[in-house]
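So you know, we letter chains A, B, ... as the sequences are listed, proteins then strands, and number each from 1. What you see below is based on every heavy atom in this structure, not just the backbone, and it leaves out hydrogens, waters and symmetry mates.
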Protein chains: 2
Amino acid sequence: MSQRTRLTPEQRREQLLDLGVRLFANHSLDEISIDVVAREAGISRGLLYHYFGDKMAFREAVVRRAAEALVAQTAPPETGEPVERLLASMTAYVDFVDANYEGYVSMVRGAASDPVLRAIYDEAFGALGTRIFEADVDFVVDSPAARLIVRGWQAMSEEMVLSWKADAAGLSREELLGVLAGSLPVLLELLGSG
Amino acid sequence: MSQRTRLTPEQRREQLLDLGVRLFANHSLDEISIDVVAREAGISRGLLYHYFGDKMAFREAVVRRAAEALVAQTAPPETGEPVERLLASMTAYVDFVDANYEGYVSMVRGAASDPVLRAIYDEAFGALGTRIFEADVDFVVDSPAARLIVRGWQAMSEEMVLSWKADAAGLSREELLGVLAGSLPVLLELLGSG
DNA sequence: CCATTCTATTGACATCTGTTCAATAGGCAA
DNA sequence: TTGCCTATTGAACAGATGTCAATAGAATGG
């Protein structure tokens with residue numbers, strides 16, 4: 001069986017990563033055989049190994065690309081009021097999950113099942129969290145306890161956006177954003193009053 | 001290699017489930033070979049299939065037992081003020097994660113990577129969430145949006161307890177509980193004022 | 001237009017792991 | 001002690017991962 005299509009390494013790599021995002025969004029690593037990936041991509045199994053080394057490295061590349069896209073696309077604007085910039089970043093987060101749902105789910109699923117993928121995920125979310133402490137808003141005071149709360153708030157945001165995506169629950173995008181944005185200050189205030 | 005040890009089915013099942021909890025806490029499904037499970041348990045591979053059918057079903061049984069233990073051990077007390085009962089249930093949750101850390105992580109990891117395990121996890125957390133709406137406290141008014149917020153609050157609680165377990169971040173158990181308990185009403189109030 | 005070179009791509013093979021099932025042996029009852 | 005029940009085993013099978021020398025697009029130079 002010939003019918004080879006010869007692409008540049010960049011094109012081929014992109015094609016395979018895109019495919020990986022689609023596949024890993026709905027199935028775990030061991031549910032996706034190399035055969036399936038190869039057949040779906042119209043290539044031989046060997047080629048996948050040529051580009052990514054092994055199956056795990058392929059998965060890792062897929063998750064890493066999703067994480068990098070998340071961090072890049074949620075970068076807060078350079079100018080504007082601190083609170084405005086935070087809100088813009090948060091809006092970008094919601095829209096990213098909305099637009100890249102499959103890739104996002106792929107990343108989350110991966111993070112839970114493998115330490116290496118978890119590290120990639122943690123690094124991405126650590127970067128998002130750090131932005132909050134660099135934002136110069138009055139209700140954010142850096143401390144270990146505040147870091148813990150921000151982590152929790154991020155987990156809450158993720159869960160709510162994913163649940164909202166699955167079932168809007170009667171909330172508009174703006175109402176959802178209102179809850180997420182409003183919750184951060186009130187949660188951090190619990191530290192002082194607790 | 002003889003040296004068989006013949007147990008009752010219940011004993012053997014318990015032994016294997018306990019072992020599964022330990023193993024799946026630190027490694028994903030495909031990282032744990034049947035050989036490892038069998039060797040660790042001192043049995044043959046075949047016996048695991050005799051008891052659980054296949055590898056996935058074994059994993060499923062491990063997660064299901066953890067989920068059932070979680071729901072059982074966080075049951076709120078029958079008597080007392082509604083708010084007190086909620087707080088007692090939440091305290092039981094924190095203590096459960098603290099005491100059964102490996103089993104809890106095993107459940108969370110599994111839930112993210114497989115639809116069947118996810119369903120078990122969702123059912124357990126749905127049960128915990130429903131308790132909140134049945135608790136008869138004034139700040140909880142049932143609605144799709146409120147359900148969404150409770151889901152988010154649960155995700156936040158989980159993340160914070162796990163992070164706190166890994167690194168106390170200077171918070172005592174009581175301070176952590178204070179933040180978790182205090183956050184639920186203020187989050188739900190965001191719905192009215194938003 | 002042809003030949004050459006480079007390398008993207010293949011396919012067969014070795015190895016490992018999940019799964020099945022007939023055979024084996026531990027322990028209780030008669 | 002004998003015999004039966006069934007917990008347990010181990011070998012055989014199926015399917016997937018990972019390896020590597022061989023193959024064939026396509027650009028380049030004459």
Side-chain angles (χ1 to χ4, degrees), chain A residues 1-20 22-24 26-63 106 109-110 113-117, chain B residues 1-24 26-64 106 109-110 113-117:
Chain A
M1 176 83 89
S2 289
Q3 198 69 338
R4 301 187 176 183
T5 56
R6 186 192 175 103
L7 303 182
T8 68
E10 288 72 26
Q11 287 176 318
R12 186 62 81 190
R13 212 183 144 79
E14 285 303 305
Q15 177 208 5
L16 294 175
L17 288 176
D18 285 342
L19 177 60
R22 270 210 311 283
L23 295 177
F24 290 132
N26 297 318
H27 300 279
S28 65
L29 184 67
D30 57 337
E31 285 171 343
I32 303 295
S33 71
I34 298 290
D35 275 294
V36 167
V37 179
R39 194 178 318 128
E40 205 83 10
I43 61 169
S44 67
R45 280 198 308 269
L47 195 57
L48 207 91
Y49 288 94
H50 174 70
Y51 278 105
F52 296 99
D54 64 12
K55 198 181 178 185
M56 189 57 220
F58 175 52
R59 175 95 226 242
E60 195 180 313
V62 169
V63 169
S106 171
R109 292 171 61 90
S113 60
D114 180 87
V116 176
L117 304 186
Chain B
M1 176 84 90
S2 288
Q3 199 68 338
R4 300 187 176 183
T5 55
R6 187 191 176 103
L7 303 182
T8 69
E10 288 71 27
Q11 286 176 319
R12 186 62 82 189
R13 212 183 143 80
E14 286 303 305
Q15 175 207 6
L16 294 176
L17 288 176
D18 286 341
L19 177 60
V21 166
R22 271 211 310 284
L23 294 177
F24 290 132
N26 297 318
H27 301 279
S28 65
L29 185 66
D30 56 337
E31 285 171 343
I32 303 295
S33 70
I34 296 290
D35 275 295
V36 168
V37 178
R39 194 179 319 127
E40 205 82 11
I43 61 170
S44 66
R45 269 170 307 185
L47 195 58
L48 208 89
Y49 287 92
H50 174 70
Y51 278 105
F52 296 100
D54 63 13
K55 197 181 179 186
M56 188 58 219
F58 175 51
R59 175 93 224 241
E60 195 181 313
V62 170
V63 169
R64 176 163 282 124
S106 170
R109 292 171 59 91
S113 60
D114 180 88
V116 176
L117 304 186

**Request:** Identify, residue by residue, the members of residues 26-41 of chain B with a heavy atom below 4.0 Å from DNA chain C, and return them in order of residue number, or none.
**Result:**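 Result for residues 26-41 of chain B: B/Ile32, B/Ser33, B/Ile34, sorted by number.
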
**Prompt:** Between residues 5-20 of chain A and DNA chain C, which residues have a heavy-atom gap below 4.0 Å?
**Reply:**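 Per residue number, the list reads A/Thr5, A/Arg6, A/Leu7, A/Pro9, A/Arg12.
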
For [X] versus [Y], what's the shortest heavy-atom pair and its separation?
| X | Y | value |
| --- | --- | --- |
| B/Tyr51 | B/Arg13 | O-NH1, 3.7 Å |
| A/Ser113 | B/Ser28 | O-CB, 3.0 Å |
| A/Gln15 | A/Arg12 | OE1-NH1, 2.7 Å |

**Prompt:** Measuring from B/Asp114:CG to A/Arg109:CZ, what's the distance to the nearest 0.5 Å?
**Reply:**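 Rounded to the nearest 0.5 Å, the CG-CZ separation comes out at 7.5 Å.
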
**Prompt:** Atom CZ in B/Phe24, atom CG in B/Leu17: separation rounded to 0.5 Å?
**Reply:**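 So the gap between those two atoms works out to 10.0 Å.
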
**Asked** salt bridge (Lys or Arg N to Asp or Glu O under 4.0 Å) with A/Glu14: which residues, sequence neighbours excluded?
**Response**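 A/Glu14 satisfies salt bridge (Lys or Arg N to Asp or Glu O under 4.0 Å) with A/Arg65 once adjacent residues are dropped.
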
Using atom types as modelled, flag every donor-acceptor pair under 3.5 Å from a side chain in residues 34-46 of chain A to any protein atom, sequence neighbours excluded.
from: A/Asp35; atom 1: OD1; to: A/Arg45; atom 2: NH1; distance (Å): 2.8

Got a list of side-chain donor-acceptor pairs under 3.5 Å for residues 54-63 of chain A, not counting sequence neighbours?
from: A/Asp54; atom 1: OD1; to: A/Met56; atom 2: N; distance (Å): 3.4
from: A/Asp54; atom 1: OD1; to: A/Ala57; atom 2: N; distance (Å): 2.8
from: A/Lys55; atom 1: NZ; to: A/Leu29; atom 2: O; distance (Å): 3.0
from: A/Lys55; atom 1: NZ; to: A/Ile32; atom 2: O; distance (Å): 2.8
from: A/Arg59; atom 1: NH2; to: A/Ser106; atom 2: O; distance (Å): 2.7
from: A/Glu60; atom 1: OE2; to: A/Arg64; atom 2: NH1; distance (Å): 3.3

**Asked** Rounding to a whole Å, what distance do you find between B/Ile43:CD1 and D/dT6:P?
**Response**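 The distance from CD1 of B/Ile43 to P of D/dT6 comes to 20 Å, rounded to the nearest Å.
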
**Message:** Side chain of A/Arg4, heavy atoms from C-beta onward: which of C/dA25, C/dA12, D/dT23 has the nearest atom to it?
**Reply:**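 The listed nucleotide nearest to A/Arg4's side chain is D/dT23.
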
**Which residues share a side chain to side chain contact (heavy atoms under 4.5 Å, CB included) with A/Arg6, sequence neighbours left out** =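 In terms of side chain to side chain contact (heavy atoms under 4.5 Å, CB included), with neighbours along the sequence ignored, A/Arg6 is linked to no residue.
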
**Request:** Please name all residues satisfying side chain to side chain contact (heavy atoms under 4.5 Å, CB included) with A/Thr8, sequence neighbours left out, ordered by chain then number.
**Result:**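 By the side chain to side chain contact (heavy atoms under 4.5 Å, CB included) rule, A/Thr8 matches A/Glu10, A/Gln11.
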
**Prompt:** Looking at residues 46-58 of chain B, who's got a heavy atom less than 4.0 Å off DNA chain D?
**Reply:**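 Result for residues 46-58 of chain B: B/Gly46, B/Leu47, B/His50, B/Tyr51, sorted by number.
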
